[in-house]
Amino acid sequence: MAAAAPELLQELGQQLVDLLKFDDASVRETGAALFADLFAQEPAYYQKFPQLFDPFAAVFRDVSPAVRAKMVEHGVRLAHPPKELPRPPANLAEQLVEELKGKVCDPDDKVRTTAVKAVCAACWESIGPFAPLVAAARERMRDKKSQVAGVAMEQMVTLYRHHAAVAAAGGGSVPEPLAEVPSTLLAAYLSNTCDRNQIENLLYQKLLPTDGAQRLRAITDVHAVLKGKERDVLKTMLRNKRKAQIQLSRWLELQQKLKESKGDGQAKKEQAALVKQMIDESSDPPRAKEVWESLATSKDGNLRRALAVVASPTSEYDELTTALKDARARIAQRLNHQAALPAVSNILARSAMVVLWKGGAHTLVEDVAAELDAMPGDGADAELPKLKLLLDAVNIFPQLMEGAGDAIAKCVKAAQEAGAPRRGVLCQLLKLVEAASPALATAGKETRKAIVAALCGQCCAKDAGVGKLAAQCLSTSVLADATRARTFATLVSK
């Protein structure tokens with residue numbers, strides 16, 4: 001009718017508008033769908049039939065949550081249609097975006113959830129005019145209702161990962177409203193209503209790419225934008241991961257002990273207490289108990305070896321992904337049903353160090369050394385995001401620096417030669433040396449000699465703050481016990 005006899009539509013306008021005012025919500029919903037189809041077919045109708053559009057827009061504020069939820073879907077389709085459909089006029093898109101912003105924060109849980117899902121689906125190809133809506137949907141990750149927050153986290157993380165992959169392939173950056181999704185995800189960890197296991201799983205399994213090299217770049221980019229509290233959350237998550245590794249390693253040791261000596265009552269008692277602690281810390285204790293009981297009766301040597309790889313802080317990324325897949329399949333086969341599989345994944349994910357692994361950490365150290373070599377000597381003190389990430393990780397996982405002694409020595413030397421303008425970087429490197437000292441204790445003699453020489457030079461420098469950090473490094477196992485007293489005596493004399 002709009003196309004063939006627009007004057008007739010003008011005459012029937014009020015009768016059509018009356019559909020949107022019926023007492024029956026289902027009639028209002030049907031009327032809104034009719035109007036939405038009309039404006040979607042030809043965006044110009046928005047200006048041609050203004051007497052129809054204004055009543056239609058008013059339905060965004062309908063008393064029925066079900067009608068408002070449907071209006072969200074209509075509004076998203078009209079304001080940001082698929083690329084094969086005609087674009088709406090700019091003023092129409094702006095008006096609809098304003099209406100939709102209110103629905104992202106609607107009092108009803110289902111309307112907010114619908115809004116988040118619809119906005120994320122519409123922004124898969126491009127953000128378009130929906131930047132304000134993406135920002136609003138991102139805040140639903142901290143919604144007061146845990147179900148809404150859970151859906152928002154899943155949707156936003158999936159959308160972030162997609163756009164991050166597109167940006168990486170094209171040499172660009174993640175669109176602005178999505179760039180803060182990692183920070184918001186970690187900030188949600190502090191909320192009393194969030195599911196912390198879900199947040200950890202989203203970070204480890206969905207936010208970051210599965211390819212090792214891409215994952216390393218992504219975690220560096222994510223860490224670079226984290227603020228103080230979010231960095232603290234990430235460090236807390238890493239500490240929990242290290243604790244889980246220690247628990248799993250000890251469980252494997254006790255399992256082997258019980259295998260060799262079934263009558264060892266002390267080992268059995270310790271393992272039972274350890275399993276109870278791990279079950280209590282899980283997100284689904286009944287299912288976790290079922291998994292651990294199954295593991296306790298397993299005689300599968302390949303499963304034990306896979307779990308040992310998962311529990312090791314020095315496992316490489318490819319080793320970890322293979323071990324995780326193998327362990328998950330073997331445990332699932334033992335359980336013989338699907339209900340406990342999420343608990344299996346959570347148990348394995350808690351221990352697997354897939355945020356930063358040894359080879360990745362070594363790559364970052366080499367990158368830091370190259371960045372320091374490329375810096376002009378007279379520049380201002382620099383921010384090195386990769387160094388910050390290393391420091392946060394190595395403070396909790398010093399094992400990551402096993403075999404990286406030469407690269408660390410190269411970094412310290414490069415920062416030292418740059419002089420005062422690199423003081424901040426030098427301080428961070430000295431903290432890294434101190435954190436990595438348990439791993440550096442096994443480095444070769446020449447490597448340790450080069451590091452100790454650089455540290456001694458800083459101890460005698462004019463900068464007292466740097467000198468103190470260098471002395472702290474020398475008080476660790478980086479310096480051999482046999483030469484410790486003589487070295488410090490010489491430094492004091494100077």
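The figures here come from the full heavy-atom set of this structure, side chains too, leaving out hydrogens, waters and symmetry mates.
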Exercise: identify the closest heavy-atom pair between [X] and [Y]:
X: Ser282; Y: Asn197; value: C-ND2, 4.2 Å
X: Pro209; Y: Ala218; value: CD-CB, 3.5 Å
X: Arg287; Y: Ala339; value: NH2-CB, 3.3 Å
X: Leu303; Y: Leu295; value: CD2-CD2, 3.7 Å
X: Val309; Y: Ser315; value: O-OG, 2.6 Å
X: Ala409; Y: Ile451; value: CB-CG1, 3.6 Å

Less than 4.0 Å between a side-chain N and a carboxylate O, is that true for [Y] and [X]?
X: Glu253; Y: Arg250; result: yes
X: Glu260; Y: Lys257; result: no
X: Arg330; Y: Asp326; result: yes
X: Glu200; Y: Arg350; result: no
X: Asp280; Y: Lys276; result: yes

Checklist entry - Within 45° of the six-membered ring axis of Tyr317 and under 6.0 Å from that ring's centre, is NZ or CZ of Lys358 located there? => result no
Is there a donor-acceptor contact under 3.5 Å from the side chain of [X] to the main chain of [Y]?
X: Gln198; Y: Gly150; result: yes
X: His163; Y: Ser173; result: no
X: Arg112; Y: Val104; result: no
X: Arg328; Y: Ser345; result: no
X: Thr321; Y: Asp318; result: yes
X: Ser477; Y: Ala441; result: no
X: Thr220; Y: Leu216; result: yes
X: Thr314; Y: Gln399; result: no
X: Glu293; Y: Glu290; result: no
X: Glu434; Y: Thr476; result: no

Item to check | side chain to side chain contact (heavy atoms under 4.5 Å, CB included) evaluation trace for Trp251 with Met278 | outcome: CA-CA 10 Å; Trp251 183 87; Met278 291 189 289; 4.2 Å; yes
Next on the checklist: Any donor-acceptor pair under 3.5 Å linking the side-chain atoms of Ser191 with those of Arg142?
Outcome noted: no
Item to check | Pair Asn346-Asp284, side-chain donor/acceptor within less than 3.5 Å | outcome: no
Find the distance between [atom1] ([X]) and [atom2] ([Y]) and round it off to the nearest 0.5 Å.
X: Leu202; Y: Tyr189; atom1: CG; atom2: OH; value: 12.5 Å
X: Glu366; Y: Glu371; atom1: CD; atom2: CD; value: 12.0 Å
X: Leu389; Y: Leu234; atom1: CG; atom2: CG; value: 8.0 Å
X: Trp124; Y: His162; atom1: CH2; atom2: NE2; value: 5.0 Å
X: Ser298; Y: Gln333; atom1: OG; atom2: CD; value: 10.5 Å
X: Thr447; Y: Ile408; atom1: OG1; atom2: CD1; value: 10.0 Å

Item to check | CD (Gln277) with more than 12 external heavy atoms under 6.0 Å | outcome: yes
Any non-hydrogen side-chain atom of [X] less than 4.5 Å from a side-chain atom of [Y]?
X: Val365; Y: Met401; answer: yes
X: Ser126; Y: His80; answer: yes
X: Leu238; Y: Met353; answer: yes
X: Leu491; Y: Leu474; answer: yes
X: Leu432; Y: Gln428; answer: no
X: Asp367; Y: Leu384; answer: no
X: Met156; Y: Val134; answer: yes
X: Arg448; Y: Leu440; answer: no

Item to check | Lys410/Asp373 under side chain to side chain contact (heavy atoms under 4.5 Å, CB included): CA gap, chis, key distance, verdict | outcome: CA-CA 10 Å; Lys410 185 179 177 182; Asp373 282 339; 3.8 Å; yes
Item to check | Of Lys468, Arg423, Gln458, the residue whose pairing with Asp463 passes side chain to side chain donor-acceptor pair (under 3.5 Å) | outcome: Arg423
Checklist entry - Between Val72 and Val119, does a side chain to side chain contact (heavy atoms under 4.5 Å, CB included) hold up when you go through it step by step? => result CA-CA 9 Å; Val72 165; Val119 167; over 6 Å; no
Item to check | Intermediate values then yes/no, side chain to side chain contact (heavy atoms under 4.5 Å, CB included), Val354 and Leu208 | outcome: CA-CA 10 Å; Val354 290; Leu208 303 173; over 6 Å; no
Checklist outcome for this item: Exactly one candidate in Lys117, Arg138, Met141, Arg140 meets side-chain contact (heavy atoms from CB on, under 4.5 Å) with Gln155; the answer is Lys117
Next on the checklist: Run Lys229 and Asp232 through salt bridge (Lys or Arg N to Asp or Glu O under 4.0 Å) and show every step you take.
Outcome noted: CA-CA 5 Å; Lys229 285 185 179 180; Asp232 289 343; over 6 Å; no
